[in-house]
Structure formats: C-alpha cells, structure tokens
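Structure first, then comments.
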There are 2 protein chains.
Amino acid sequence: MSTKNKILDAADVLFANKGFNGTSLREITSQANVNLAAVNYHFGSKKELIKAVMSRYMDELSPRLESALSLICQSELKPTLHEVFSAFIGPLLYLNEFKENGTSTFLQLLGRGYTDSQGFLRWFLTTQYPDVFTNFTKAVNIAYPELSAEEIFWRLHFTMGTIVFTMSSSEALIDIAQNDFNNKLDIAGVIERVIPYVAAGVAAPIIHN
Amino acid sequence: MSTKNKILDAADVLFANKGFNGTSLREITSQANVNLAAVNYHFGSKKELIKAVMSRYMDELSPRLESALSLICQSELKPTLHEVFSAFIGPLLYLNEFKENGTSTFLQLLGRGYTDSQGFLRWFLTTQYPDVFTNFTKAVNIAYPELSAEEIFWRLHFTMGTIVFTMSSSEALIDIAQNDFNNKLDIAGVIERVIPYVAAGVAAPIIHN
DNA sequence: CGCTATTTTAAACGCATGTTTAAAATAGTC
DNA sequence: GACTATTTTAAACATGCGTTTAAAATAGCG
C-alpha cells in the first residue's frame with residue numbers, strides 16, 4: 001500500500017476518535033508506520049490532510065446521495081419525509097463496503113468537523129459539495145410543502161445536529177446501551193432508530209404565535 | 001471583581017467559542033487582564049478550571065430543572081411531551097439573568113464538552129448531576145409510557161444531540177437565517193423552534209421489525 | 001507600625017506540536 | 001549501468017503549551 005494511503009487510513013480513524021486538534025501528526029505517522037515528514041511531503045500540511053481525509057468519503061457519498069435524492073424528487077407520487085430520510089441509508093451504509101467501519105467513521109468525522117477547528121470544515125463541505133444541501137432541501141420541500149423555507153432551514157440543521165452528534169458519540173452510546181439493555185446493536189441499528197426520530201421532528205406541526 | 005471571577009468570565013466565553021482544547025491559558029489570562037500563573041494558583045490546573053466553569057452554570061440550572069421536572073411528574077393530569085420539554089425553557093433562559101448570554105454560552109459549552117477532551121465532561125456531569133437525567137427520563141416515561149426504557153434512552157440522546165449541537169453553532173446559524181430570511185431572531189427564538197422538533201421526535205411512533 | 005498570610009508577578013522549565021532541512025535511499029528511464 | 005527524479009529518512013527548528021518556581025507586592029491583623 002502506498003504511503004499516502006497508509007497515512008489516510010491511520011488519520012481517519014484517529015481523527016474520528018480523538019478529533020482533529022486532538023490528533024498529532026506523530027500519532028498518525030507512527031500508527032501508519034511511516035516517517036513523520038511524509039505528511040508534509042505528500043499533503044503539504046495537516047489542514048490539507050484533513051481535507052483529503054474528508055474528500056475520500058465525500059467523493060464516494062456525494063454522487064450516490066444526489067442520485068438517490070433526485071430519484072425521489074422526480075417520482076410521480078409525493079414522497080413522505082420518512083422516505084426522504086431513508087434515501088440517506090443506502091449511500092451512508094455503502095461507505096462500509098468502501099472501507100471497514102466507513103459509515104460510522106465518516107459520521108464521526110462530520111461531527112468533529114462541525115465543532116473542531118472553528119468550523120473551517122463546514123465551509124469546506126458547503127463550498128465543495130453544495131448540491132447535497134440543495135437537493136436535500138428540495139426533497140423536503142416536495143414532501144412537506146407547507147413548511148416555509150425558514151422552517152426547513154432550521155429543521156434541517158436540527159437534523160444535521162441530531163445525526164452528526166449521535167454518530168460522533170455512537171460508540172460510547174452503543175456500549176452503554178448493550179450493557180444496560182442486553183441488546184446487540186451496530187451502526188445500522190442506530191441509523192434505523194434515528195430515522196423515525198428526525199423524520200417526526202421535521203414533520204412536526206407548525207406552531208403559530 | 002476578584003481575580004477568580006475575572007478568569008471564569010474570560011474562560012467561559014473563550015471555551016464556548018473555541019473549545020476547551022482550542023483555548024490556551026494564555027488567551028484566558030490575557031483576556032482577563034490577569035497573570036498567567038493565576039489560573040494554576042486559584043484553580044490548580046486547566047482541567048479544574050473547566051469543571052469550575054461548568055459548575056457555575058450547573059449549580060444555577062440543576063435545582064431549577066429538578067423542581068420544574070418534578071412538578072410535572074407530580075401533576076394530577078398526564079403531561080404531554082411538549083410540556084416536558086417546555087419545562088427546560090424557564091431554567092435555561094434564567095441563565096441569561098444570571099449572566100449575559102448565559103443561555104447560549106452554557107449550551108455551547110455543553111456541546112464542546114461532549115466532543116472535546118474524550119468525554120471527560122460527560123463523566124463529570126453524569127456523576128455530579130445524575131438527578132437531572134433520571135428526572136428527565138421519569139417525566140418522559142409518564143408522558144409516553146408505551147416507550148421502552150431502551151427507546152427512551154436513544155431518543156433522549158438524540159434530543160441531547162439536537163439541542164447541544166444546534167446551540168454550539170447557534171450564532172453562525174442565527175447569522176445565516178437573518179441574512180436569508182430577514183427575520184430577527186435570538187437564542188430564545190431558536191429554543192422555541194427546537195422544542196416542537198424534539199418533542200415530535202421523541203413522540204415518534206414505534207417501528208416494529 | 002510590624003509581622004504574617006495571601007496574592008500577584010516575571011521568568012523559566014520541560015514537553016509536544018507542525019514544519020523544514022538536507023542527506024540518504026529508492027525508482028524510473030534512456 | 002549511469003543519470004535523474006522521486007521518495008524516505010533522521011535531525012533540527014521555532015513555537016506554543018501547561019505548569020512550577022521564587023521573589024515581589026499587597027492585605028489582614030494584633
């Protein structure tokens with residue numbers, strides 16, 4: 001395996017578990033059995049490495065997500081919100097084929113990126129992959145047209161928060177749940193549980209003041 | 001104002017904006033116009049300072065939250081989930097009386113604590129303030145008794161995620177919303193919008209496989 | 001005032017970080 | 001096989017961190 005890929009593989013596990021700020025280049029390179037200077041040689045800087053780690057996932061996810069959502073938008077019959085959110089399941093779980101524990105690792109990274117490093121990753125995602133957001137908004141608008149643009153905005157961000165935050169601490173939560181409830185669970189099980197939650201949240205009736 | 005309070009005031013703003021790992025003692029002490037060594041003299045270590053910052057809020061919030069929730073639990077008629085979640089509004093907004101921008105700062109800190117520093121803050125909160133969690137679970141159980149303990153567990157953590165994550169980026173979101181929708185909004189407005197969302201999420205029908 | 005206890009201060013310590021350097025090793029090509 | 005380009009390596013660099021030290025300043029009190 002190439003040095004570049006060894007670095008990427010070591011980096012995304014460590015970034016997911018300990019955050020971007022919380023992971024040093026020395027940890028990454030020693031985990032990858034690679035010289036410290038290799039990161040700066042191959043990627044230029046730590047910041048560029050972070051972008052590369054995220055791009056590897058986004059480049060797999062983004063086209064699959066877009067086609068799943070546009071399929072829903074072009075459908076004859078009006079989709080339910082539950083169907084809109086379920087459109088995420090396939091593309092997200094595909095990341096597990098692409099890389100071991102790819103789904104949970106990616107979602108953890110997403111959670112890290114929103115809080116770590118002053119939101120520079122949010123800027124990166126919204127500027128590099130804007131279609132994901134607009135397609136998503138469009139699909140929700142078809143499923144629930146009574147919702148104003150502003151209300152969609154807020155509820156989509158609530159949803160992002162739920163997903164991203166849950167996944168960024170999913171390992172700890174799965175551990176607790178297995179201890180307390182004797183119930184085997186994996187990341188797909190968590191996704192199955194969170195979808196009804198966010199679908200109901202977005203579908204909540206509008207309160208007028 | 002005492003040196004100790006100057007440090008606490010500077011620390012919680014900086015911690016909220018840049019995270020615990022992302023804020024150095026030198027930033028805090030220079031913002032507070034205080035000598036660098038004062039942190040270690042008055043608090044012992046950076047970790048103890050973090051605990052002190054959180055305790056200042058939790059000691060105000062926790063008793064108010066407990067009494068609001070136990071009031072709901074002891075009521076004659078069965079509360080709705082919306083009422084359960086609304087019980088948080090008063091105690092949370094009270095933090096604004098206690099300290100300028102107290103509500104959003106505290107919620108941002110909460111969000112930081114869940115992702116920063118390997119979850120030591122979650123340990124701190126659950127061990128130091130366990131009643132908040134058990135009272136909350138009890139209230140939800142009364143409002144929606146069909147929900148199993150495990151499902152309550154998951155949905156409460158989804159809710160925590162929604163709230164905490166939204167608030168940790170609330171300032172950026174409020175800015176965007178005001179630009180895009182010409183709608184004046186503050187932290188109370190965000191809370192008003194998120195309550196129906198999480199209430200509907202927790203109230204979602206149970207899917208049986 | 002004079003003494004003690006508390007607080008503040010400037011400086012340094014040891015350590016970890018991201019990055020750069022320049023030499024060594026390897027791969028690729030004619 | 002010799003020459004070049006690429007990659008790897010060990011070492012050092014500059015910087016920032018949390019913490020500690022010991023002296024100076026201040027406050028409290030009989």
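Below, all heavy atoms of this structure are taken into account, side chains as well, without hydrogens, waters or symmetry copies. Chain A is the first sequence line, chain B the second, and so forth, proteins listed ahead of strands; every chain is numbered from 1.
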With side-chain contact (heavy atoms from CB on, under 4.5 Å) as the test, would you mind laying out the steps for A/Thr105 and A/Phe15 before giving the verdict?
-> CA-CA 9 Å; A/Thr105 306; A/Phe15 281 153; over 6 Å; no
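- When side chains are defined from C-beta on, B/Leu156 does not count as touching B/Met160, because their heavy atoms never get closer than 4.5 Å.
- The side chain of A/Ser24 contributes an N or O atom lying less than 4.0 Å from OP1 or OP2 of C/dT17.
- Between the CD atom of A/Glu27 and the P atom of C/dC15 there is a distance of 18 Å, rounded to whole Å.
- D/dG16 atom P lies 16 Å from atom NZ of A/Lys46, rounded to whole Å.
- Among the atoms of the strands shown, none is found under 4.0 Å from any heavy atom of B/Thr29.
- A straight line from CG of B/Asn21 to P of C/dG18 spans 13 Å, rounded to a whole angstrom.
- What separates CZ of B/Phe20 from C1' of D/dC17 is a distance of 18 Å, to the nearest Å.
- In this structure, A/Ile28 atom CD1 and C/dT19 atom C1' are separated by 14 Å, rounded to whole Å.
- Ring orientation note: the planes of A/Tyr57 and A/Phe98 are nearly perpendicular, at an angle over 60° on the 30°/60° scale.
- Considering only side-chain N and O atoms, B/Ser45 lies nowhere under 4.0 angstrom from the phosphate OP1 or OP2 of D/dG18.
- Neither side chain, A/Glu48 nor A/Ser45, offers a donor N or O lying under 3.5 Å from an acceptor on the other.
- Atom CD in A/Glu48 sits roughly 13 Å away from atom P in C/dT20 (whole-Å rounding).
- The nearest whole Å value for the distance from the CZ atom in A/Arg26 to the P atom in D/dT9 is 16 Å.
- Listed in residue order, the members of residues 33-42 of chain A having a heavy atom less than 4.0 Å from DNA chain D are A/Asn35, A/Ala37, A/Tyr41, A/His42.
- Using a distance-only test at 3.5 Å, with no hydrogens or angles considered, no donor-acceptor pair links the side chain of B/Asn183 to the main chain of B/Gln178.
- The backbone N or O of B/Leu14 sits less than 3.5 Å from a side-chain atom of B/Thr23, completing a donor-acceptor pair.
- Checking D/dT8, C/dT17, D/dG18 against every side-chain atom of A/Thr3, the shortest atom distance belongs to D/dT8.
- Using modelled atom types, no side-chain atom of B/Ser62 and backbone atom of B/Asp59 make a donor-acceptor pair closer than 3.5 Å.
- Rounding to whole angstrom units, CZ of residue A/Phe15 and C1' of C/dG18 are separated by 12 Å.
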